[in-house]
Amino acid sequence: MKQQLLTALQQAVDDLLLAQQVEQNIHVQLSYPRHAQHGDYTANIAMQLAPKLKQKPRDTAQLLLDTVQWPAQVEKTEIAGPGFINIYLVQGSEFEVLRQIIHAGESYGLQSKKNEKVCLEFVSANPTGPMHVGHGRGAIVGDALSRIMHSQGYDVVREYYMNDAGAQIGVLTRSVWTRMCQLDGQDLRLEEGCYPGEYIIDLAKILLEQQPFSAWSALSQDERDTQLADIAIAHMMTLIREDLKVLNIEFDVFFSEQALHASGKVQELIAQLRQQDLVYDGTLPPPKGKEVKDYKPTVQCLFRTTQYGDDVDRALQKQDGSATYFAADIAYHKDKDDRGFDRQINVWGADHGGYVRRVQAAMQALTTKVDTPEVILIQMVNLTQDGKPVRMSKRAGTFVTLREVVDAVGSDAVRFNFLTRRCESQLDFDLQLAKNQSMENPVYYVQYAYARISTLLNRWETEGHELHEIKQIELHLLSDDQCQDIIKKLLQYPEILANSATKQEPYRVATFLMNLASDLHSYYHKHRILGEAPNVAQARLLLMRAVAQVISNALTILGVSAPKSM
RNA sequence: GCGCCUGUGGCUCAACCGGAUAGAGCAACGGCCUUCUAAGCCGUAGGUUGCAGGUUCGAUUCCUGCCGGGCGCGCCA
């Protein structure tokens with residue numbers, strides 16, 4: 001419907017521009033007025049057009065209205081306020097959406113295949129310990145986004161980049177080995193910087209069960225480190241996968257940084273860049289913003305990222321000649337491009353904000369694609385306990401695991417809680433509050449609405465009644481304001497979902513659900529359904545079915561369950 | 001110092017690509033369960049959208065400057 005209106009109006013605008021010999025393209029937008037008194041749809045086009053035509057907006061609106069060929073469902077139009085064109089549909093045309101929903105069922109809101117391959121990378125937490133609450137936000141947003149984009153026809157691959165190479169793996173093996181030594185009875189202290197968490201001790205025990213300490217210590221240090229690292233990483237990834245699993249999150253691809261190094265692709269890349277004169281040997285200025293004691297200017301292999309908008313050129317090799325994290329990361333993103341993805345989207349924590357530009361710069365140099373990868377920065381989760389801030393750090397061992405929270409309040413509550421806010425806003429998460437007052441979580445508000453409807457439908461059937469086909473139902477019984485509000489929301493759901501995908505903002509779906517649930521609760525309270533005359537009951541049940549369907553569809557897309565009873 | 005994000009009732013957040021009268025929840029106060037789930041509903045109170053300019057017919061939204069909060073700024077990852 002909206003599309004038809006747009007087309008009609010656009011035609012009139014184009015004609016008008018042509019007639020007035022204004023060479024400009026302007027595309028019409030229709031929005032839903034906040035107040036019902038302003039019609040079913042409203043257009044602000046006249047106000048945008050008027051200055052270009054040197055007219056008064058209301059006059060322009062009139063000119064447009066004189067020529068528009070509206071579809072038959074348009075009852076009337078009016079010019080209002082400074083020049084809005086308000087459109088009113090024929091009574092009853094709004095019921096079409098109910099027919100659509102009942103007919104489409106689970107697929108209401110979905111879109112057909114777009115033939116666009118998207119690589120969505122998220123979580124990518126270091127395999128050095130279980131996930132903490134901060135990781136959870138990125139995990140949930142990324143997962144929800146993948147579902148939302150999938151629903152809109154994108155071909156989404158969900159990818160986890162395992163940082164299973166580099167210094168933190170050394171720290172991990174050192175930590176484990178120290179614990180193993182301690183378990184063997186040695187009086188050893190955990191070195192500065194090692195991971196103090198309990199989970200390391202668990203791992204140490206597992207390793208000692210595999211073979212006795214004597215066997216481990218018989219190995220050369222290199223050999224031992226390699227073996228320990230392999231097992232430790234595998235173990236940590238298992239933990240992480242389990243943590244994700246309880247949140248209903250799974251990945252298509254786990255991409256290993258180590259494998260990338262081993263394949264020689266990183267060195268290859270550097271060689272290739274050198275050939276293209278994109279790297280050079282130079283010195284970096286000392287870092288700004290904080291005192292650096294041991295800064296020594298050294299000659300390094302640098303990538304000319306400044307040519308693509310970065311602040312300084314970035315090092316690809318450390319002093320010892322090994323590749324930097326950045327070098328591997330470029331190779332990784334290049335690899336994704338080679339794998340044929342049309343788009344790369346990365347969900348990163350805000351602490352990686354400064355890193356975005358250099359990766360994009362590198363990708364621009366390598367592929368000429370601008371804005372690749374697209375990065376969604378998730379702002380930090382400020383964890384508090386009883387109102388007091390808790391610093392989360394794997395190194396300090398002061399973190400609250402994601403698992404702990406999920407076990408306490410459940411996947412649905414955690415997911416929805418993290419999805420109700422925009423990614424750009426910081427999030428306070430009080431552990432105690434989350435556990436105690438989980439009932440306040442808006443997810444229950446939404447699920448409750450669904451459960452109420454389910455009960456109604458269930459009772460209706462157990463009492464031996466049937467649900468009528470939509471053509472038998474007296475739809476005009478759904479003409480009061482409250483019904484109309486609900487129907488309008490149902491109508492807007494596909495657009496909300498589409499916007500949520502294009503803008504990559506899952507919170508829109510969550511917000512929509514809360515609004516719809518609010519309407520439902522209000523309606524439910526005000527109107528009886530089962531006790532009414534059969535024709536009234538049938539009509540209202542139809543509305544209920546449609547609402548339940550949309551709630552269920554939207555919850556599913558957010559990865560949240562829709563229980564039939566609570 | 002520079003870059004990114006952010007500032008909306010006491011608190012947590014909405015407001016569709018700039019639209020008409022800025023909306024919810026929590027907290028406060030007052031009501032509603034012999035009837036489909038009170039995890040709910042209805043009402044009252046609470047706002048100069050951080051401040052100052054600018055662009056526009058029109059600004060919470062865009063631009064500039066200031067103020068406040070967060071994150072980041074070597075060869076760590």
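What you see is a predicted model, and the numbers here were worked out from it, not measured in a lab. In what follows, chains are A, B, ... by sequence order, proteins preceding strands, each numbered from 1.
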Quiz question: going by heavy-atom distance under 3.5 Å, is there a donor-acceptor pair between the base of B:A77 and the side chain of A:Thr324? no

Quantified in whole Å, what is the P atom distance between nucleotide B:C26 and nucleotide B:U35? 24 Å

Will you find, in the side chains of A:Gln482 and A:His527, an N or O donor that is under 3.5 Å from an N or O acceptor? yes

Taking any heavy-atom pair under 4.0 Å as a contact, classify A:Pro57: base, sugar-phosphate, or nothing. nothing

What integer number of Å spans the C1' atoms of B:A22 and B:G58? 15 Å

Out of B:C5, B:C71, B:C73, which has the shortest distance to the side chain of A:Gln379? B:C5

So which nucleotide from B:C57, B:G40, B:C36 ends up closest to the side chain of A:Arg459? B:C36

Integer angstrom distance from the P of B:U12 to that of B:G70: 14 Å

So what does A:Ser322 hit on the nucleic acid, given a heavy-atom distance under 4.0 Å: a base, only sugar-phosphate, or nothing? nothing

Base, sugar-phosphate alone, or nothing: which one does A:Phe326 contact when heavy atoms must sit under 4.0 Å apart? nothing

Under 4.0 Å between a side-chain nitrogen and a carboxylate oxygen: does that hold for A:Asp485 and A:Lys489? no

Between B:C33 and B:G46, how many Å separate the two C1' atoms, rounded to a whole number? 29 Å

Quiz item: A:Gln319 side-chain donor-acceptor pair to B:C75 base, under 3.5 Å: yes

Is B:C41 in the syn or the anti form, by the rule that syn lies within 90° of 0? anti

Using atom C1' of each nucleotide, how far apart are B:A14 and B:G47 to the nearest Å? 15 Å

Over all strands shown, is A:Ala80 touching base, sugar-phosphate only, or nothing at heavy-atom distances under 4.0 angstrom? base

Under 4.0 Å, heavy atoms only, any strand: does A:Ala451 hit a base, just the sugar-phosphate, or nothing? base

Need one value for A:Gln55: base, sugar-phosphate or nothing, where a base atom within 4.0 Å counts as base even if backbone is also close, heavy atoms only. nothing

Have a look at A:His38 and say if it touches a base, only the backbone sugar-phosphate, or nothing, with a 4.0 Å heavy-atom cut-off. base

Just to be sure I understand the rule, does A:Asp519 reach a base, reach only the sugar-phosphate, or reach nothing, if contact means heavy atoms closer than 4.0 Å? nothing

Reading RNA chain B from 5' onward, which residue's closest nucleotide shows up sooner: A:Cys423 or A:Ala167? A:Cys423

Is there a donor on the side chain of A:Asp351 or the base of B:A77 sitting less than 3.5 Å from an acceptor on the other? no

Nearest to the side chain of A:Tyr507 - B:C41, B:A14, B:A39? B:A14

Tell me the stems RNA chain B sits in, counting at least three consecutive Watson-Crick or G-U wobble pairs, each under 3.5 Å on both distances. B:1-7 with B:67-73, B:10-13 with B:23-26, B:28-32 with B:40-44, B:50-54 with B:62-66

For B:U60 and B:G50, measure between their P atoms and round to the nearest Å. 10 Å

Using the P atom as the point on both nucleotides, what is the distance between B:C5 and B:U61, in whole Å? 16 Å

Can you tell which of B:C76, B:C5, B:G19 lies closest to the side chain of A:Asn44? B:G19

First encountered from the 5' end of RNA chain B, between A:Asn515 and A:Asp313: A:Asn515

Under 4.0 Å protein heavy-atom contact, by nucleotide of nucleotides 7-13 of chain B - B base, S sugar-phosphate only: -----SS

